[in-house]
Q: 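Below is a structure I'd like to ask you about.
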Amino acid sequence: MASNNNSVKISNPRVRFAPSPTGELHIGSARTALFNYLFAKRYGGTFVLRIEDTDKVRNTQESLKNLVDGMNWLGIHWDEGVDENNPLDSSKDRGDFGPYLQSARWQNQLNAAVKLIELGHAYDCDCPPQETFGTGKCKCYDRQKELHDIPHEEKSIKFRINPGPPVVVHDLIRGEVMFRREDIQDFVIVRPGGLPTYNFAVVIDDAAMEMTHIIRGEDHLSNTPKQILVYEALQLKVPEFAHIPLIHGPDGSKMSKRHGAVTVHEYKNEGFLPEAFVNYLARLGWNDDTDREIYSLADLEELFNLKQVSSSPACFDREKLLWFNGKYIRELSDEELFEKSLPFLGKYVKPDDLNESTRKWLL
RNA sequence: GGCCCUAUCGUCUAGUGGUUAGGACACCACCCUCUCAAGGUGGCGACACGGGUUCAAGUCCCGUUAGGGCUGCCA
């Protein structure tokens with residue numbers, strides 16, 4: 001970690017949060033979004049929201065709306081990306097690097113795949129999906145003439161891992177992480193029918209959008225060498241990476257539904273203040289070398305940095321979240337407290353009861 | 001199975017070779033108080049294990065163990 005290039009000044013970084021609209025906004029995703037946002041603010045950069053909607057089966061419009069709502073509630077606003085009110089309408093996008101819906105960028109991704117074939121870095125493959133499972137190796141590279149003429153519906157395009165030196169991931173949080181090429185398998189970059197896969201599309205889009213720093217969950221670390229190889233094959237500039245630790249449940253296993261609320265909306269509906277939630281999320285894995293606990297979004301925008309992000313995973317602690325919430329609630333004026341409480345008093349207080357005396361009583 | 005990441009109080013963490021190992025949440029006790037909170041004071045409580053390197057190791061190296069991730073035509 002000592003070899004981190006921290007001496008290099010970071011100026012005008014471009015970062016993105018690229019969720020897939022396949023469910024509610026998860027706590028972990030929210031923190032990833034937050035860290036990207038804070039990094040952009042801290043260094044005067046640009047925060048982009050791109051929607052990774054290439055999994056046509058699992059995508060839902062509701063998730064997309066959910067995502068936008070969640071981001072708004074947290075106060076994480078994006079400089080570039082899909083329109084809040086019309087996320088599916090690319091003509092409403094904000095920014096010069098659109099469209100910001102990944103599925104709308106398939107032509108660009110496909111062109112890159114064709115180029116990779118021409119360069120000898122990719123090849124047609126007609127193996128059934130299960131055939132190469134576990135080994136990643138197939139003989140298709142030697143059958144290209146034969147495969148050339150079969151319809152695209154019946155073949156995929158694979159990226160070829162050529163022999164060479166180990167791939168080094170320069171990670172701002174973990175230092176240098178090395179992967180041997182023999183341990184990396186050829187992987188599908190375009191599915192039969194022409195739909196690019198994540199590990200490929202993400203590189204083409206990030207490069208096209210001129211991302212300088214990729215800040216994402218640690219679950220992506222092992223896939224990073226594949227992505228770096230794609231950058232290099234296409235002679236694209238490789239961005240800086242920062243893989244932030246995952247959030248675990250109280251028992252140390254990956255945070256999931258059986259641990260209780262895992263989505264931003266659940267916490268919103270339980271009555272947590274967004275300020276408290278953001279503060280808690282930021283402190284989960286980040287500190288500024290002081291004993292301070294309370295940070296507003298504005299404070300964080302000023303102080304956040306990747307250097308002080310922990311490299312080990314953190315367990316979600318509801319008790320501490322509750323404590324933060326209490327802190328922020330006590331800061332509220334009576335007036336604010338009253339207004340914010342209203343939605344939660346529905347089953348106890350009828351609108352008609354909201355006269356001055358009820359109000360006094362409540363306060 | 002292979003590869004990768006991680007390892008300080010129950011939890012979040014500070015610590016970058018020499019500290020009585022610090023803070024926060026939770027917990028316990030006391031104080032304050034009409035009650036409950038809040039607040040204050042104090043307490044309990046940790047360097048996963050085993051080898052090295054060094055005058056000196058929580059800090060550096062190796063191994064073990066444990067947890068997590070990737071190994072998908074999911075992202």
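Side chains included, hydrogens not; waters and symmetry mates left out as well; all remaining heavy atoms used.
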Q: Tell me which nucleotide among B/A7, B/C12, B/C73 gets nearest to the side chain of A/Ser311.
A: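 Of the options given, the side chain of A/Ser311 lies nearest B/A7.
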Q: Tell me every residue that passes ring pair (Phe, Tyr, Trp, His ring centres under 6.0 Å) with A/Phe35, counting only those two or more places apart in sequence or in another chain.
A: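 A/Phe304.
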Q: Applying a 3.5 Å limit to both distances, which nucleotide forms a Watson-Crick or G-U wobble pair with B/C9?
A: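 Matched B/C9 with nothing under the 3.5 Å cut-off.
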Q: Please determine, for the side chain of A/Glu319, which listed nucleotide (B/A75, B/A26, B/U13) has the closest atom?
A: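 Nearest listed nucleotide: B/A26.
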Q: Does a side-chain heavy-atom distance below 4.5 Å link A/Arg191 with A/Ile157?
A: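 They are not in side-chain contact.
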Q: If we take the P atom in both B/G67 and B/G43, what is their distance in whole Å?
A: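 After rounding to an integer number of Å, I get 36 Å for this pair.
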Q: Should B/A48 form a Watson-Crick or G-U wobble pair with both distances under 3.5 Å, which nucleotide is its partner?
A: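 B/U64 is the nucleotide pairing with B/A48.
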Q: Identify whether any heavy atom of A/His243 sits under 4.0 Å from a base atom; if not, whether one sits that close to sugar-phosphate; answer base, sugar-phosphate or nothing.
A: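 Nothing, no nucleic acid heavy atom in range.
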Q: Provide the distance between the two C1' atoms, one in B/U8 and one in B/U59, to the nearest whole Å.
A: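 Going atom to atom, C1' in each nucleotide, I get 11 Å.
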Q: Look at the aromatic rings of A/Trp73 and A/Phe277 and report parallel, tilted or perpendicular, splitting at 30° and 60°.
A: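 Plane angle between 30° and 60°, so tilted.
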Q: Which whole-number value in Å describes the distance from A/Lys226 NZ to B/A75 P?
A: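 These atoms are roughly 12 Å apart.
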Q: Can you tell me if A/Asp142 has over 12 outside heavy atoms packed within less than 6.0 Å of its CG?
A: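 Buried by this count: over 12 neighbours within 6.0 Å.
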Q: For A/Gly193, report the nucleic acid contact type (base, sugar-phosphate, nothing); a contact means any heavy atom under 4.0 Å.
A: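 The residue A/Gly193 makes no contact with any strand.
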Q: What is the distance from CD of A/Glu153 to C1' of B/C73, rounded to the nearest Å?
A: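 These atoms are roughly 13 Å apart.
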Q: How far does the C1' atom of B/G58 sit from the matching atom of B/U6, given to the nearest Å?
A: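 So the two C1' atoms sit 16 Å from each other.
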Q: Can you check the A/Leu67 CG to B/A75 P distance for me, whole Å?
A: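 Atom-to-atom, A/Leu67 to B/A75, this comes out as 16 Å.
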Q: Ignoring the backbone of A/Val188, work out which of B/C73, B/G68, B/C74 is nearest its side chain.
A: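 That would be B/C73.
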Q: What pairs with A/Asp149 under side chain to side chain contact (heavy atoms under 4.5 Å, CB included), at least two apart in sequence or on another chain?
A: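 Expected list: none.
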Q: Counting any heavy atom closer than 4.0 Å, what does A/Glu218 reach on the DNA or RNA strands: base, sugar-phosphate only, or nothing?
A: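 The answer is base, as A/Glu218 lies within the cut-off (heavy atoms under 4.0 Å) of a base atom.
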Q: Ring of A/Phe97, cation from A/Arg14 - is the NZ or CZ under 6.0 Å from the centre and inside 45° of the axis?
A: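 Output yes; distance and angle both within limits.
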Q: Describe, in one word, how the ring planes of A/Phe316 and A/Tyr267 are oriented to each other, choosing from parallel (under 30°), tilted (30 to 60°) and perpendicular (over 60°).
A: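 Rings of A/Phe316 and A/Tyr267: tilted, as their planes differ by 30° to 60°.
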Q: Describe the nucleic acid contact of A/Pro313 in one word from base, sugar-phosphate, nothing, applying a heavy-atom distance below 4.0 Å.
A: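 Here A/Pro313 touches the backbone only, sparing every base.
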Q: With both distances under 3.5 Å as the test, what is the Watson-Crick or G-U wobble partner of B/G39?
A: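 B/G39 is paired, partner B/C31.
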Q: Check if the side chain of A/Lys320 and the base of B/A26 share a donor-acceptor pair of N or O atoms closer than 3.5 Å.
A: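 Donor-acceptor pair under 3.5 Å: no.
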Q: Any strand is fair game: report the nucleotide pairing with B/G1 by Watson-Crick or G-U wobble, both distances under 3.5 Å, or none.
A: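 Answer to the pairing question: B/U71, which forms a Watson-Crick or G-U pair with B/G1.
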Q: Toward the 5' end of RNA chain B, which comes first, A/Leu246 or A/Met178, by nearest nucleotide?
A: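 Between the two, 5'-proximity favours A/Met178.
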Q: Of A/Glu52 and A/Trp323, whose closest RNA chain B nucleotide lies nearer the 5' terminus?
A: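 First, find each residue's nearest nucleotide; the 5'-ward one identifies A/Trp323.
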Q: Rounded to the nearest angstrom, tell me the gap between atom CG in A/Leu321 and atom C1' in B/A26.
A: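 These atoms are roughly 14 Å apart.
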Q: Counting only heavy atoms from other residues, nucleotides and ligands, does the tally under 6.0 Å from CD of A/Glu62 exceed 12?
A: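 Result for CD/A/Glu62: open.
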Q: Let's test this: given Watson-Crick or G-U wobble pairing with both distances under 3.5 Å, identify the partner of B/A57.
A: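 WC or wobble partner does not exist here.
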Q: Among B/C25, B/G69, B/C73, which nucleotide has an atom closest to any side-chain atom of A/Asp219?
A: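 Of the options given, the side chain of A/Asp219 lies nearest B/G69.
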Q: May I ask you to evaluate whether A/Arg174 reaches the phosphate of B/C4, defined as a side-chain N or O under 4.0 Å from OP1 or OP2?
A: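 Checking A/Arg174 against B/C4: no side-chain N or O falls below 4.0 Å of OP1 or OP2.
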Q: Taking the same atom, C1', in B/G63 and in B/U11, what whole-Å distance lies between them?
A: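 The answer is 29 Å between these two C1' atoms.
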Q: Heavy atoms within less than 4.0 Å of RNA chain B: which residues of residues 288-297 of chain A have one? Give them sorted by number.
A: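 Here the set is A/Asp289, A/Asp291, A/Glu293.
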Q: Please confirm whether the shortest side-chain N or O distance from A/Asn287 to OP1 or OP2 of B/A14 is below 4.0 Å.
A: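 Yes, such a contact exists.
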Q: Mind calculating the distance between OH (A/Tyr198) and C1' (B/C70) to the nearest angstrom?
A: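 About 12 Å, once rounded to whole Å.
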Q: By the 4.0 Å heavy-atom rule, please label A/Phe179 as base, sugar-phosphate, or nothing.
A: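 Since only primed, P, OP1 and OP2 atoms lie under 4.0 Å of A/Phe179, the category is sugar-phosphate.
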Q: Determine the contact category for A/Ser312: base if any of its heavy atoms lies under 4.0 Å from a base atom, sugar-phosphate if only primed atoms, P, OP1 or OP2 are that close, otherwise nothing.
A: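 It contacts sugar-phosphate atoms only.
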Q: Would a line drawn from the ring center of A/Trp286 to the ring center of A/Tyr295 be shorter than 6.0 Å?
A: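 Yes, close enough.
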Q: Write down the distance between CZ (A/Phe324) and C1' (B/C25), rounded to a whole number of angstrom.
A: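 Checked: the CZ to C1' distance equals 9 Å.
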Q: Could you work out which one of B/C25, B/A75, B/U71 sits closest to the side chain of A/Gln185?
A: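 So the nucleotide nearest the side chain must be B/U71.
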Q: Among A/Asp205, A/Thr46, A/Ile214, exactly one meets side chain to side chain contact (heavy atoms under 4.5 Å, CB included) together with A/Arg16. Which residue is that?
A: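 Single pass found, and it is A/Ile214.
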Q: Does A/Asn269 reach the side chain of A/Glu266, with side-chain heavy atoms less than 4.5 Å apart?
A: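 A side-chain contact is absent here, since even the closest heavy-atom pair is not under 4.5 Å.
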Q: Pairing check on B/A26: which nucleotide meets the Watson-Crick or G-U wobble criteria with it, both distances under 3.5 Å?
A: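 WC or wobble partner does not exist here.
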Q: Taking the C1' atom of each, how far is B/G17 from B/C47, in whole Å?
A: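 Looking at atom C1' only, B/G17 and B/C47 are 15 Å apart.
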Q: Of the nucleotides B/C73, B/G23, B/C4, which has the atom closest to the A/Leu221 side chain?
A: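 Looking only at side-chain atoms, A/Leu221 lies closest to B/C4.
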Q: In whole angstroms, how far is the P atom of B/G69 from the CD1 atom of A/Ile244?
A: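 Checked: the CD1 to P distance equals 15 Å.
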Q: Looking only at atom C1', what distance separates B/C12 and B/U53, rounded to whole Å?
A: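 Looking at atom C1' only, B/C12 and B/U53 are 33 Å apart.
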Q: Side chain of A/His220, heavy atoms from C-beta onward: which of B/U11, B/C4, B/A75 has the nearest atom to it?
A: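 Looking only at side-chain atoms, A/His220 lies closest to B/A75.
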Q: Starting at atom CD of A/Gln102, determine the distance to atom P of B/A75, rounded to an integer number of angstrom.
A: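 Taking CD of A/Gln102 and P of B/A75, I get 8 Å after rounding.
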Q: Among B/A14, B/G69, B/G67, find the nucleotide with the atom closest to the side chain of A/His248.
A: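 Selected nucleotide: B/G67.
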Q: Looking only at atom P, what distance separates B/A14 and B/A48, rounded to whole Å?
A: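 Result for the P pair: 14 Å, nearest Å.
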Q: When you compare B/U41 with B/G23, how far apart are their P atoms, in angstrom units rounded to a whole number?
A: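 My reading of the P atoms in B/U41 and B/G23 gives 12 Å.
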